[in-house]
Amino acid sequence: VQPVESGGGSVQTGGSLRLSCVVSGYPYSNYCMGWFRKAPGKEREGVAGLDSKGNIVYEDSVKGRFSISRDNAENILYLQMNDLKPEDTAMYYCSLDAYYLGCLATADSVVSFGYWGLGTQVTVSS
């Protein structure tokens with residue numbers, strides 16, 4: 001199972017980016033997926049997650065600005081990020097696990113999923 005992220009880049013405050021995550025080697029329809037980020041000197045932080053039952057969770061600081069979605073036909077996970085702020089600067093990772101009840105207890109739950117990619121860098125300048 002290999003998630004591969006793309007779509008990162010450098011933008012100014014208030015800009016937008018859309019991250020994509022293509023997952024190969026996971027043919028199952030039950031899943032928990034999400035995005036977490038890691039900034040230098042900080043702990044990994046869950047950003048958003050969704051599961052195959054339709055549940056979605058966001059970290060408080062991104063609510064109303066970020067939107068997570070999945071193209072089921074193409075098996076691609078997206079993270080639309082609007083109104084970006086310098087504090088959003090981090091490496092963003094896509095994570096995945098088989099579905100289990102409570103996998104999205106909090107946004108930070110996505111940090112513990114069993115599979116993740118190499119990440120894509122997001123840099124927001126003021």
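No hydrogens, no waters, no symmetry mates; every other heavy atom, side chains included, goes into these values.
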For the residue pair [X] and [Y], establish whether any side-chain heavy-atom pair is separated by less than 4.5 Å.
{"X": "Val110", "Y": "Val47", "answer": "no"}
{"X": "Asn55", "Y": "Leu50", "answer": "no"}
{"X": "Trp35", "Y": "Ser95", "answer": "no"}
{"X": "Pro86", "Y": "Ser126", "answer": "yes"}
{"X": "Leu84", "Y": "Gln12", "answer": "no"}
{"X": "Ile76", "Y": "Val23", "answer": "no"}
{"X": "Gln80", "Y": "Ser69", "answer": "no"}

Same apolar cluster (I L V M F W Y, side chains within < 4.5 Å links), Leu77/Leu104: no
Answer yes if Met33 and Tyr26 sit in the same cluster of Ile, Leu, Val, Met, Phe, Trp and Tyr residues linked by side chain heavy atoms under 4.5 Å apart, and no otherwise. yes
Greater than 12 external heavy atoms within 6.0 Å of Tyr28's OH: no
State whether the number of non-hydrogen atoms from other residues, nucleotides or ligands found under 6.0 Å of Glu87 atom CD is greater than 12. yes
So that I can tick it off, tell me whether Lys63 and Asp60 are bridged by a salt bridge, with the cut-off set at under 4.0 angstrom between side-chain N and carboxylate O. yes
What's the spacing between Asn82 CG and Ser67 OG if we round to 0.5 Å? 8.5 Å
Step-by-step side-chain contact (heavy atoms from CB on, under 4.5 Å) determination, Tyr93 to Cys21: CA-CA 9 Å; Tyr93 300 85; Cys21 172; over 6 Å; no
Trace of the side-chain contact (heavy atoms from CB on, under 4.5 Å) decision for Leu79 with Tyr92: CA-CA 10 Å; Leu79 184 69; Tyr92 283 71; 4.3 Å; yes
Checking Ser6 against Ser20 for the side-chain contact (heavy atoms from CB on, under 4.5 Å) test, could you report, in this order, the C-alpha distance in whole Å, the side-chain angles of both residues, the deciding distance, and whether it holds? CA-CA 5 Å; Ser6 63; Ser20 300; 3.8 Å; yes
When you measure from the side chain of Asn75 to the backbone of Asn72, do you find a donor-acceptor pair of N or O atoms at a distance under 3.5 Å? no
Do any N or O atoms from the side chain of Asp51 and from the backbone of Gly54 form a donor-acceptor pair under 3.5 angstrom? yes
Contacts under 3.5 angstrom, residues 38-45 side chains, donor-acceptor by atom type, not counting sequence neighbours:
from	atom 1	to	atom 2	distance (Å)
Lys38	NZ	Lys42	O	2.7
Glu45	OE1	Arg37	NE	2.7
Glu45	OE1	Arg37	NH2	3.0

Show every donor-acceptor pair shorter than 3.5 Å between a side-chain atom in residues 114-121 and any protein atom, with sequence neighbours excluded, or say none if there are none.
from	atom 1	to	atom 2	distance (Å)
Thr120	OG1	Gly8	N	3.0
Gln121	NE2	Ala90	O	3.4
Gln121	NE2	Thr123	OG1	3.4

Is NZ or CZ of Arg70 both nearer than 6.0 Å to the six-membered ring centre of Tyr31 and within 45° of the ring axis? yes
Walk me through whether Val57 and Thr106 qualify under side-chain contact (heavy atoms from CB on, under 4.5 Å). CA-CA 7 Å; Val57 64; Thr106 68; 5.6 Å; no
